[in-house]
Amino acid sequence: MSSRRSRSRQSGGSSEITDAQITDLISKLQQLIPELRASRSNKVSATKVLQETCNYIKNLHREVDDLSDRLSQLLATTDSNSAQAAIIRSLLM
């Protein structure tokens, strides 16, 4: 058990989290990440789950930025009063 968790348990804080709860949360997180969900083995380290989660979130941010840029470019080439422009603006909001 880590010393940080030991200290928080010793301090009597009401927001304690058990090792079982951490394991459960890591397992739930693993199911949300496509690269890990497809893994044939359920035995993936918590470190691997957290690393893959960070990578996945970074990729999602990149995708959102790319899509936003593409929509902005499309909006720039569309008549600003058209229905298509209104739809694009609503997607950017």
Do Leu36 and Ile57 belong to the same hydrophobic cluster, where Ile, Leu, Val, Met, Phe, Trp and Tyr are linked whenever their side-chain heavy atoms lie under 4.5 Å apart, directly or via other members? no
Any chance you could measure Leu75, atom CG, to Ile88, atom CD1, to the nearest 0.5 Å? 5.5 Å
Pairs involving residues 57-78, ordered by first then second residue, that meet side chain to side chain donor-acceptor pair (under 3.5 Å) (sequence neighbours left out): Asn59-Arg62
Return the CD to CZ distance between Glu52 and Arg37, rounded to the nearest 0.5 Å. 13.0 Å
If we only count heavy atoms from C-beta on, is the Ile33 to Val49 side-chain gap below 4.5 Å? no
Gap between atom CG of Leu67 and atom CG of Leu91 - 0.5 Å precision: 10.0 Å
So CG of Asp19 and CD1 of Ile26: to nearest 0.5 Å the spacing works out to 11.5 Å
Gap separating the CG atom of Leu50 from the CG atom of Asn55, nearest 0.5 angstrom: 11.0 Å
Nearest heavy-atom approach of Ala85 to Ser80 is CB-O, 3.8 Å
Heavy-atom closest contact (Leu74 atom, Gln84 atom, distance): CD2-NE2, 4.4 Å
Is there a path from Ile87 to Leu71 through hydrophobic residues (I, L, V, M, F, W, Y) whose side chains come within less than 4.5 Å of each other? yes
Value rounded to 0.5 Å, distance of NZ in Lys48 from CD in Gln51: 7.0 Å
